[in-house]
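Below you'll find the structure, written out as structure tokens, and then a few comments.
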Amino acid sequence: MFGNDWDTVLQEETEAEYFNNIRYALAAEYKTQTIFPPKEDLFSALKLTPYHKVKAVIIGQDPYHGAGQAQGLSFSVRPGVRIPPSLKNIYKELHADLGLPIPKHGSLVHWAEQGVLLLNAVLTVREGQPNSHQGLGWQTFTDAVIRALNERSEPMVFMLWGSHAQKKGAFINRDKHLVLESTHPSPLAAHRGFLGSRPFSKANEFLTSKGIEPIDWTIPEN
């Protein structure tokens, strides 16, 4: 299903009754509604970032609900798509924190390939209807992803931006992993704690202190 070690790690989940219920419900939704992301991008976060390679986790709420935006990675949009406001603020903080140039596109695939798991709490949404799949059962699955990461022997960084993400991180072992919490990067909240929080340098300082290669946060231009 994922094409890497997540298949083994999440086998119990993907064989569970609740997961089959999600699949049946989604099959009907994809036939009768416009659902994002497209089916082939549904598990992009897990496919691009294998379990053993995760260095950091950035948790989003649910996918972008506009046409052509969602690509299965939290906060990320396809090249050529207008950069959403929350991602603009993430880029602002990236520049202020590390001095990196502000990218001209919104694809975070490079981060995913660097070991940054870009996980939404809910993996699908109806077009134009934010939170429309909150009741589908995805939270049970994504909680299992977080639990599996929490149990891994190697430490990692969890970036919990906003109250939804912070609830998701309630059971993370903070003696082993670094948990960075702030407000959400959305325009409504970013100035209340996200901007100036320096999550990227803090993450790399922690990883380096544990003997783990730091993340290259640069976003290539193509």
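Heads up: numbering here begins at 1 and tracks the sequence.
Residues that satisfy the salt bridge (Lys or Arg N to Asp or Glu O under 4.0 Å) test with D143, not counting sequence neighbours, are K168. In this view, R174 and E181 satisfy the salt bridge (Lys or Arg N to Asp or Glu O under 4.0 Å) rule, not counting sequence neighbours. For F206, there are no ring-ring contact (aromatic ring centres under 6.0 Å, His included) partners two or more places apart in sequence or in a different chain. Considering only residues two or more places apart in sequence or on other chains, S197 meets the side chain to side chain contact (heavy atoms under 4.5 Å, CB included) condition with E93, S182, F194, P199. Take K167 and apply the side chain to side chain contact (heavy atoms under 4.5 Å, CB included) test, not counting sequence neighbours, and it matches no residue. Taking the side chain to side chain contact (heavy atoms under 4.5 Å, CB included) definition, one finds that L207 meets it with K55, V157, N204, I212, I215, sequence neighbours left out. Take Q11 and apply the side-chain hydrogen bond (donor to acceptor under 3.5 Å, both in side chains) test, not counting sequence neighbours, and it matches E15. Taking T218 as the reference, D216 meet the side-chain hydrogen bond (donor to acceptor under 3.5 Å, both in side chains) condition, with sequence neighbours excluded. Evaluation of the side chain to side chain contact (heavy atoms under 4.5 Å, CB included) rule for E127 yields T34, F36, A67 as partners, not counting sequence neighbours.
Counting heavy atoms from C-beta on, the side chains of W111 and F75 never come closer than 4.5 Å.
Residue-environment remark: CZ (R82) stays at or below the threshold of 12 foreign heavy atoms within 6.0 Å. The 12-atom threshold is exceeded at CD of E205, counting heavy atoms of other residues, nucleotides or ligands nearer than 6.0 Å.
Sequence neighbours left out, the pairs with a member in residues 97-121 that pass salt bridge (charged side-chain N to carboxylate O under 4.0 Å, His left out) are D97-R198. Here salt bridge (charged side-chain N to carboxylate O under 4.0 Å, His left out) pairs that include residues 22-51, with residues two or more places apart or in two chains, are E29-R126, D41-R78. Evaluation of the ring-ring contact (aromatic ring centres under 6.0 Å, His included) test over residues 44-68, restricted to residues two or more places apart or in two chains, returns W6-Y51.
At distances below 3.5 Å, not a single donor-acceptor pair connects side-chain atoms of D62 with backbone N or O atoms of V122. In this structure a side-chain-to-backbone donor-acceptor pair under 3.5 Å is present from S132 to Q129. Side chain of H177 to main chain of P155: no donor-acceptor pair is present (N/O by atom type, distance under 3.5 Å, no hydrogens or angles). For T49 (side chain) and A112 (main-chain N/O), a donor-acceptor pair under 3.5 Å exists by modelled atom type. With D7 contributing its side chain and G3 its backbone, the two residues share a donor-acceptor pair below 3.5 Å.
Atoms CG and CE, on N150 and M156 in that order, are 8.0 Å from each other to the nearest 0.5 Å. Interatomic distance, F141 CZ to I146 CD1, rounded to the nearest 0.5 Å: 10.5 Å. The OG1 atom of T142 lies 10.0 Å from the CD atom of E13; values are rounded to the nearest 0.5 Å. To the nearest 0.5 Å, the span separating OG1 on T124 from CD on Q33 amounts to 11.5 Å. For the atom pair OG (S44) and CG (L119), the distance works out to 12.0 Å, reported to the nearest 0.5 Å. A distance of 8.5 Å separates CG in L98 from CH2 in W217, rounded to the nearest 0.5 Å.
Screening L42, N21, L123 against L26 for a side-chain contact (heavy atoms from CB on, under 4.5 Å) leaves a single residue, L42.
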